[in-house]
Amino acid sequence: IFSATGRKTCAERHGYVSARLAVSDKYVIAYEENGTEYSVYNTFSKVYSETLQYPIKGICVSDDGYYAIITRTDEYIGAVALYDSSFKMINRYLKNAHVVSVDISDDGRVAVTTLGVDSSGGFLTEITISAIGETDVISTVQYAGALPLRSVFTDNGLMLVCEDRVVFFD
């Protein structure tokens with residue numbers, strides 16, 4: 001890890017074959033895609049590491065230390081575990097569809113995007129938005145006909161990136 005001036009502040013070796021990074025302005029999470037281990041770093045050192053029971057499909061991290069891990073369970077093909085800056089799981093979002101992405105907003109919302117199939121056999125994207133730590137859903141949006149790649153919070157709402165288009169929600 002390098003500082004803004006280019007000085008190396010942290011160096012760590014790992015054995016990941018397909019290493020992936022999730023980054024924010026303050027944190028870096030390194031993990032093995034489809035592996036079960038991840039490590040959290042601040043600017044100077046590794047601050048936490050954990051091995052999960054199920055494979056990691058993706059991670060996102062916010063500047064305030066919240067992070068979300070896309071995985072699965074025995075009962076659900078899509079699961080997102082949300083952790084606080086003390087590395088405690090504070091919420092779990094369970095889905096009967098494949099979780100494509102998760103994003104955490106600056107104002108404390110979590111967007112979980114899933115891919116399913118509609119009644120005609122086409123792609124059906126569902127985006128569920130919840131407040132951090134709350135079980136109630138703030139909003140659910142469905143979008144049909146495009147393969148979703150990622151959803152991201154913007155200053156004006158939510159952006160859904162698909163294989164052939166970008167859709168904006170306010």
Side-chain angles (χ1 to χ4, degrees), residues 1-4 9-10 12 14 16 18-73 76 78-95 97-115 125-141 148-162 166-170:
I1 300 174
F2 293 88
S3 70
T9 60
C10 178
E12 180 95 18
H14 58 74
Y16 301 152
S18 285
R20 300 287 186 256
L21 294 177
V23 299
S24 72
D25 287 344
K26 298 179 183 177
Y27 298 96
V28 174
I29 300 179
Y31 65 100
E32 175 97 38
E33 186 176 40
N34 292 314
T36 57
E37 184 181 345
Y38 70 94
S39 298
V40 181
Y41 299 85
N42 64 16
T43 305
F44 303 104
S45 65
K46 178 166 54 172
V47 294
Y48 185 74
S49 186
E50 183 177 8
T51 301
L52 302 177
Q53 182 177 0
Y54 300 100
I56 299 169
K57 301 297 183 182
I59 295 179
C60 86
V61 60
S62 68
D63 287 340
D64 55 5
Y66 288 100
Y67 62 98
I69 300 176
I70 301 170
T71 186
R72 67 174 178 83
T73 69
Y76 293 91
V80 174
L82 179 65
Y83 294 82
D84 65 14
S85 59
S86 299
F87 316 111
K88 292 182 183 177
M89 187 178 0
I90 57 171
N91 210 338
R92 180 172 280 200
Y93 309 96
L94 302 172
K95 301 291 185 176
H98 293 281
V99 178
V100 174
S101 76
V102 61
D103 196 30
I104 302 170
S105 72
D106 292 337
D107 64 354
R109 293 174 294 152
V110 178
V112 177
T113 303
T114 60
L115 170 63
T125 301
E126 182 177 276
I127 305 169
T128 305
I129 300 173
S130 302
I132 287 177
E134 298 292 327
T135 56
D136 294 337
V137 172
I138 295 172
S139 178
T140 299
V141 176
L149 301 175
R150 186 170 183 207
S151 62
V152 179
F153 283 105
T154 66
D155 291 339
N156 299 318
L158 191 76
M159 175 177 64
L160 173 64
V161 179
C162 299
V166 177
V167 182
F168 295 91
F169 299 99
D170 61 7

Over all heavy atoms of both residues, which pair between Glu134 and Asn91 is shortest? Give the atoms and the distance, please.
O-ND2, 2.8 Å
Counting only heavy atoms not in Tyr66, do more than 12 sit closer than 6.0 Å to its OH atom?
no
Any side-chain to backbone donor/acceptor pair from Thr9 onto Ile1? Under 3.5 Å, distance only.
yes
Could you tell me which non-hydrogen atom of Tyr67 sits nearest to which non-hydrogen atom of Asp84, and how far apart they are?
CE2-O, 4.0 Å
Using side-chain heavy atoms (C-beta onward) and a distance below 4.5 Å, is Thr71 in contact with Ile56?
no
Describe, in one word, how the ring planes of Phe87 and Tyr48 are oriented to each other, choosing from parallel (under 30°), tilted (30 to 60°) and perpendicular (over 60°).
parallel
In Å and rounded to the nearest 0.5 Å, what is the CD1 to CG distance from Ile127 to Leu158?
5.0 Å
Side-chain atoms of residues 106-115: list all donor-acceptor pairs with protein atoms under 3.5 Å, sequence neighbours left out, distances to 0.1 Å.
from, atom 1, to, atom 2, distance (Å)
Asp107, OD1, Ser105, OG, 2.4
Asp107, OD1, Arg109, NE, 3.0
Asp107, OD2, Arg109, NE, 3.4
Thr113, OG1, Ser151, OG, 2.4
Thr114, OG1, Glu126, O, 3.4

Do Tyr83 and Val40 touch side chain to side chain, with heavy atoms closer than 4.5 Å?
no
Contact check, side chains of Tyr76 and Arg92, non-hydrogen atoms, under 4.5 Å
no
Check: Asp25 main-chain N/O paired with Asp63 side-chain donor or acceptor under 3.5 Å:
yes
Just to verify, what does Leu21 make a side chain to side chain contact (heavy atoms under 4.5 Å, CB included) with, not counting sequence neighbours?
Val23, Val28, Ala30
Give a yes-or-no answer on whether the side chains of Ser62 and Asp64 include a donor-acceptor pair shorter than 3.5 Å.
yes
Answer yes or no: is there a donor N or O on one side and an acceptor on the other, between the side chain of Ser24 and the main chain of Lys26, under 3.5 Å?
yes
Tyr31 and Ile59: which non-hydrogen atoms are nearest, and at how many Å?
CD2-CD1, 3.5 Å
Are the side chains of Asn34 and Ser18 in contact, using a 4.5 Å heavy-atom criterion?
no
Check whether any side-chain heavy atom of Tyr93 lies under 4.5 Å from a side-chain heavy atom of Thr128, and answer yes or no.
no
Looking at Leu160 and Pro148, what are the two nearest heavy atoms and their distance?
CD1-CB, 4.0 Å
Does CZ in Arg20 sit with more than 12 non-hydrogen atoms of other residues, nucleotides or ligands closer than 6.0 Å?
yes
Counting distance only, does the side-chain N/O of Ser86 pair as donor-acceptor with the main-chain N or O of Lys88 below 3.5 Å?
no
Considering all heavy atoms, the nearest Leu149-Ser101 contact:
O-CB, 4.4 Å
Looking at side-chain heavy atoms only, is the closest gap between Leu82 and Val102 below 4.5 Å?
no
